[in-house]
Amino acid sequence: VPFRGSYLRLRPEASDLVRGNLYPVPDPRFPFLGVHFTRRIDGEVWAGPNALLALGREAYDRRPVAADLRDVVTYGGFWRLAARHAGTGVREVVEERVRRRYLRRLQAYLPALRAEDLEAGPSGIRAQLVDRRGALVDDFVTTRSARTIHLLNAPSPAATASLAIGRLLATEALSLSP
């Protein structure tokens, strides 16, 4: 199931409010970290992301991709997930549309933050593995065929660069039949 996460960017004059990275204690019910502040190597500070159902695997512009959307809405696991977390989903949609609501969530970590300190930032789409029962799978999963290994559900950009996952995939690749 594709989820879109949008970031806000702190304006340059406000970036000194964050000297390092501010991260919440993860909520074990979700594989998403939740809002946080990330100081990037270029000095920019990103705030976010939110987590909204994406209308397609590559729907960065928020326009629906019919085949992708059909795959999601015809999957029973999605509806079980949606029923279980409807309140969280509604909150994410409201905060996407009403910036002052999102600002309040950000201010829980950075009280000095003001609305004028924020501007639109980038967004990304993350594929989230959801099982048939509607449970979010919070770890990576591998599947394989005779000559192919698929890494499913790498839960963060950090995981896709993980040496431990690379070692696991290299070991599996060496065991593939020629």
Side-chain angles (χ1 to χ4, degrees), residues 1-65 68-69 72 78 81-82 85-130 136-141 151-166 169:
V1 175
F3 284 86
R4 182 177 51 77
S6 294
Y7 286 89
L8 295 173
R9 200 178 348 238
L10 268 64
R11 294 187 189 280
E13 56 275 11
S15 65
D16 287 342
L17 291 170
V18 179
R19 295 195 179 131
N21 294 329
L22 297 174
Y23 282 76
V25 174
D27 182 338
R29 296 174 301 156
F30 301 107
F32 306 109
L33 182 57
V35 299
H36 52 278
F37 294 86
T38 303
R39 177 171 279 284
R40 298 171 46 85
I41 196 164
D42 62 3
E44 271 192 347
V45 177
W46 290 6
N50 56 9
L52 296 162
L53 178 67
L55 301 177
R57 292 177 183 99
E58 295 186 31
Y60 295 96
D61 60 4
R62 300 181 183 154
R63 283 185 283 180
V65 178
D68 293 351
L69 198 52
V72 170
F78 164 73
L81 171 74
H85 298 292
T88 300
V90 168
R91 185 196 75 209
E92 292 287 338
V93 169
V94 168
E95 288 179 352
E96 167 87 356
R97 301 286 181 217
V98 184
R99 187 170 294 177
R100 66 180 153 67
R101 291 279 303 269
Y102 197 53
L103 174 63
R104 281 197 294 250
R105 190 154 58 135
L106 294 170
Q107 286 172 327
Y109 302 100
L110 193 60
L113 190 66
R114 301 168 303 154
E116 56 269 19
D117 295 331
L118 299 168
E119 60 189 20
S123 65
I125 295 183
R126 169 184 165 182
Q128 174 61 50
L129 193 57
V130 177
L136 296 163
V137 178
D138 63 355
D139 207 348
F140 60 90
V141 174
L151 176 63
L152 308 175
N153 206 54
S156 73
T160 61
S162 166
L163 294 176
I165 294 174
L169 293 175

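- In this structure, Leu69 and Pro64 approach most closely via the heavy-atom pair CD2-CB, 4.0 Å.
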Between Leu106 and Leu118, is a side-chain contact (heavy atoms from CB on, under 4.5 Å) present by the stated rule, with each step listed? CA-CA 11 Å; Leu106 294 170; Leu118 299 168; 4.1 Å; yes

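- Taking 4.0 Å as the cut-off between side-chain N and carboxylate O, Arg4 and Glu96 count as a salt-bridged pair.
- Ionic pairing of Arg11 and Asp117 is not present here: no N-O contact between side-chain nitrogen and carboxylate oxygen is shorter than 4.0 angstrom.
- In this structure the side chain of Leu151 reaches within 4.5 angstrom of the side chain of Leu169, judged on heavy atoms.
- Side chain of His36 to backbone of Gly48: a donor-acceptor contact under 3.5 angstrom is found.
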Run Asn50 and Tyr7 through side-chain contact (heavy atoms from CB on, under 4.5 Å) and show every step you take. CA-CA 7 Å; Asn50 56 9; Tyr7 286 89; over 6 Å; no

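- Checking side-chain atoms of Arg39 against main-chain N and O of Val18 turns up a donor-acceptor pair under 3.5 Å.
- A donor and an acceptor atom, one from each side chain of Tyr23 and Thr38, are located under 3.5 Å apart.
- For residues 102-112, the set of pairs meeting the salt bridge (charged side-chain N to carboxylate O under 4.0 Å, His left out) definition, not counting sequence neighbours, comprises Glu92-Arg105, Glu95-Arg105.
- To the nearest 0.5 Å, the span separating CZ on Phe37 from OH on Tyr109 amounts to 9.0 Å.
- The two residues Val65 and Ala59 come nearest to each other via the heavy atoms CG2-CB, 4.3 Å.
- Looking at Ser6 and Arg62, their side chains come closer than 4.5 Å, going by heavy atoms from C-beta outward.
- Across every non-hydrogen atom of Leu53 and Phe3, the tightest pair is N-CD2, 3.9 Å.
- Here the closest heavy-atom approach between residue Ala115 and residue Leu103 is recorded as N-CD2, 3.6 Å.
- Using a 4.5 Å heavy-atom cutoff, the side chains of Val130 and Leu136 are in contact.
- Closest heavy-atom contact between Ala120 and Arg99: N-NH2, 4.2 Å.
- Looking at Pro49 and Val35, their side chains never come closer than 4.5 Å, going by heavy atoms from C-beta outward.
- Note that the OG atom of Ser123 and the OH atom of Tyr60 stand 8.0 Å from one another [nearest 0.5 Å].
- For the pair Glu119/Leu8, no side-chain contact is recorded, criterion being any heavy-atom separation below 4.5 Å from C-beta on.
- The salt bridge (Lys or Arg N to Asp or Glu O under 4.0 Å) test applied to Glu13 returns no partner, not counting sequence neighbours.
- The backbone N or O of Leu113 sits less than 3.5 Å from a side-chain atom of Gln107, completing a donor-acceptor pair.
- Of all heavy-atom pairs spanning Leu10 and Ala47, the tightest one is CD1-CB, 4.1 Å.
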